[in-house]
2 protein chains.
Amino acid sequence: MNKTPSPQAIQAWIQLHRTQRQLLSTVETALKSQDLPALDWYDVLLELHKAKGDGLRQFEIGEKILLNKHNLSRLIDRLEKNLLVERHQCSEDGRGNRIKITSEGSCMVKAMWPVYSQAIQQNFAAKLTEEEAQTLSELLAKVLPAAQ
Amino acid sequence: MNKTPSPQAIQAWIQLHRTQRQLLSTVETALKSQDLPALDWYDVLLELHKAKGDGLRQFEIGEKILLNKHNLSRLIDRLEKNLLVERHQCSEDGRGNRIKITSEGSCMVKAMWPVYSQAIQQNFAAKLTEEEAQTLSELLAKVLPAAQ
DNA sequence: TTGTTTTAGTTGCAATTGCAACTAGGTGCA
DNA sequence: TGCACCTAGTTGCAATTGCAACTAAAACAA
């Protein structure tokens with residue numbers, strides 16, 4: 001019950017955090033170099049873009065992108081200020097709102113993807129075979145804490 | 001040259017970021033629940049603890065933990081204010097300083113490790129065999145951008 | 001009904017980060 | 001030596017985050 005992690009596990013733990021951090025910062029740099037917004041904007045916009053129709057509730061976005069509500073609230077403020085999304089009031093629940101992507105927002109998603117995907121390709125995908133990528137996601141999925 | 005990442009790679013990419021984020025926040029919560037400082041303090045203190053002797057230059061710490069110099073400078077301010085490290089001026093280079101861990105700092109490392117390691121064990125290590133952990137680090141190492 | 005608890009979202013404030021500009025001490029070179 | 005450039009580290013300022021407290025609307029229960 002009080003077991004200490006094996007050296008392999010510790011090594012993997014460290015590697016996980018280093019790698020993620022470095023990759024993230026590489027990709028953020030790539031986006032910035034093209035005067036594009038950061039990844040958190042993309043995450044939200046993409047969810048809304050995929051959702052189509054009636055948009056999403058704020059808490060739904062929060063669940064999808066794993067962001068707490070107060071930070072999401074302010075992230076959406078910024079997106080709204082930049083006319084990429086709109087807050088509509090929600091007919092079925094008076095507390096909440098329904099977030100919809102604007103056409104500018106959709107354009108932004110489309111503008112960001114080529115840069116984003118190229119960065120993923122060069123810095124990540126190109127270094128793995130498809131099988132390795134598959135294995136990697138499976139291993140990561142095993143350690144992803146269950147959403148509660 | 002303009003290849004888009006494979007679905008497997010995209011999946012692994014997403015999983016990498018989600019998993020790392022969730023695990024990090026789980027562990028930070030565990031530390032906080034014991035009134036212990038956050039992981040970035042641990043990272044610095046551990047490097048200094050391992051270094052022994054004459055301590056480390058700030059830039060050396062920065063390279064080890066992958067933190068930029070201005071944020072490191074302020075992180076060390078906080079550690080110093082909490083008497084966990086000391087800045088000494090550096091005889092061989094008048095610009096720099098040499099950071100040494102204090103005995104309180106060493107105690108802190110030792111106080112944090114049980115909580116930290118238990119969190120790693122429960123949330124991460126316990127979910128992988130040693131072989132899987134090994135594979136995971138190898139795959140992550142393949143995609144870790146080379147330090148420049 | 002009415003009161004209690006939960007959920008959705010916002011806000012104030014303090015702490016942390018990112019960026020760019022800065023100081024000051026090396027280094028290289030003519 | 002003198003000068004241009006580089007490196008180590010700090011700082012000011014604006015933006016972002018984290019935390020706790022808050023509003024207001026469900027949801028539930030007596």
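None of the values given here were measured: they were computed from a predicted structure. Residue numbers begin at 1 in each chain, while the letters A, B, ... track the order of the sequences.
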A.B. asks: Who are the salt bridge (charged side-chain N to carboxylate O under 4.0 Å, His left out) partners of B:K110, not counting sequence neighbours?
C.D. replies: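 By the salt bridge (charged side-chain N to carboxylate O under 4.0 Å, His left out) rule, B:K110 matches no residue at all.
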
A.B. asks: Extract from the structure each pairing of a protein N or O with an N or O of nucleotides 12-14 of chain C at less than 3.5 Å, listing the distance.
C.D. replies:
| unit_1 | atom_1 | unit_2 | atom_2 | d |
| --- | --- | --- | --- | --- |
| C:dG12 | O6 | A:R74 | NH1 | 3.2 |
| C:dG12 | O6 | A:R74 | NH2 | 3.2 |
| C:dC13 | N4 | A:R74 | NH1 | 3.4 |

A.B. asks: Is the shortest side-chain N/O distance from A:N97 to OP1 or OP2 of C:dT10 below 4.0 Å?
C.D. replies: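 Checking A:N97 against C:dT10: at least one side-chain N or O falls below 4.0 Å of OP1 or OP2.
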
A.B. asks: Any N/O pairs under 3.5 Å between the protein and nucleotides 23-27 of chain D? List them or say none.
C.D. replies:
| unit_1 | atom_1 | unit_2 | atom_2 | d |
| --- | --- | --- | --- | --- |
| D:dA25 | O3' | A:G94 | N | 3.4 |
| D:dA26 | OP1 | A:G94 | N | 3.1 |

A.B. asks: Enumerate the residues from residues 47-61 of chain B whose closest heavy atom to DNA chain D is under 4.0 Å, giving them by residue number; use none for an empty result.
C.D. replies: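 Correct list: B:R57, B:Q58, B:F59.
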
A.B. asks: List for me each residue that meets side-chain hydrogen bond (donor to acceptor under 3.5 Å, both in side chains) alongside B:R78, sequence neighbours excluded, and say none if there are none.
C.D. replies: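 Listed in chain order: nothing, the list is empty.
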
A.B. asks: Determine which pairs satisfy side-chain hydrogen bond (donor to acceptor under 3.5 Å, both in side chains) with at least one residue from residues 86-95 of chain A, sequence neighbours left out, and list them in order.
C.D. replies: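 Residue pairs with at least one partner in residues 86-95 of chain A: A:Q58-A:R87, A:D77-A:R87, A:E80-A:R87, A:E86-A:H88, A:E92-A:R98, A:D93-A:R95.
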
A.B. asks: Base, sugar-phosphate or nothing for A:R87? Non-hydrogen atoms, less than 4.0 Å.
C.D. replies: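 Touches sugar-phosphate only.
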
A.B. asks: Would you please name every residue forming a salt bridge (charged side-chain N to carboxylate O under 4.0 Å, His left out) with B:E104, sequence neighbours left out?
C.D. replies: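 Here no residue qualifies.
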
A.B. asks: Within the 4.5 Å heavy-atom criterion, are B:R21 and B:H17 side-chain neighbours or not?
C.D. replies: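 No, side chains not in contact.
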
A.B. asks: Phosphate oxygens OP1/OP2 of C:dT16: is one of them under 4.0 Å from a side-chain N or O of B:N71?
C.D. replies: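 False: B:N71 side-chain N/O out of range (4.0 Å or more) of C:dT16 OP1/OP2.
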
A.B. asks: Please list all pairs meeting salt bridge (Lys or Arg N to Asp or Glu O under 4.0 Å) that have one or both residues in residues 112-135 of chain B, counting only residues at least two apart or in different chains.
C.D. replies: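 Listed once each, the pairs are A:K142-B:E132.
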
A.B. asks: Show me, pair by pair, the donor-acceptor contacts under 3.5 angstrom made by side chains of residues 28-48 of chain B, not counting sequence neighbours?
C.D. replies:
| unit_1 | atom_1 | unit_2 | atom_2 | d |
| --- | --- | --- | --- | --- |
| B:E28 | OE1 | B:L39 | N | 3.3 |
| B:T29 | OG1 | B:S25 | O | 2.7 |
| B:S33 | OG | B:A30 | O | 2.7 |

A.B. asks: Please collect all salt bridge (Lys or Arg N to Asp or Glu O under 4.0 Å) contacts where either partner lies in residues 58-71 of chain A, sequence neighbours excluded, each pair once.
C.D. replies: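 Residue pairs with at least one partner in residues 58-71 of chain A: there are none.
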
A.B. asks: Which angle, to the nearest 10 degrees, lies between the helix axes at the two ends of the helix from C:dT1-D:dA30 to C:dA30-D:dT1, each defined by five pairs?
C.D. replies: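 Computed angle between terminal axes is 20°.
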
A.B. asks: How long is the line joining CD1 of B:I76 and P of C:dT17, in whole Å?
C.D. replies: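 Rounded to whole Å, this separation is 13 Å.
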
A.B. asks: Under 4.0 Å from any atom of DNA chain D, heavy atoms only: list the residues of residues 24-43 of chain A that qualify, in numerical order.
C.D. replies: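 DNA chain D contact set from residues 24-43 of chain A: none.
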
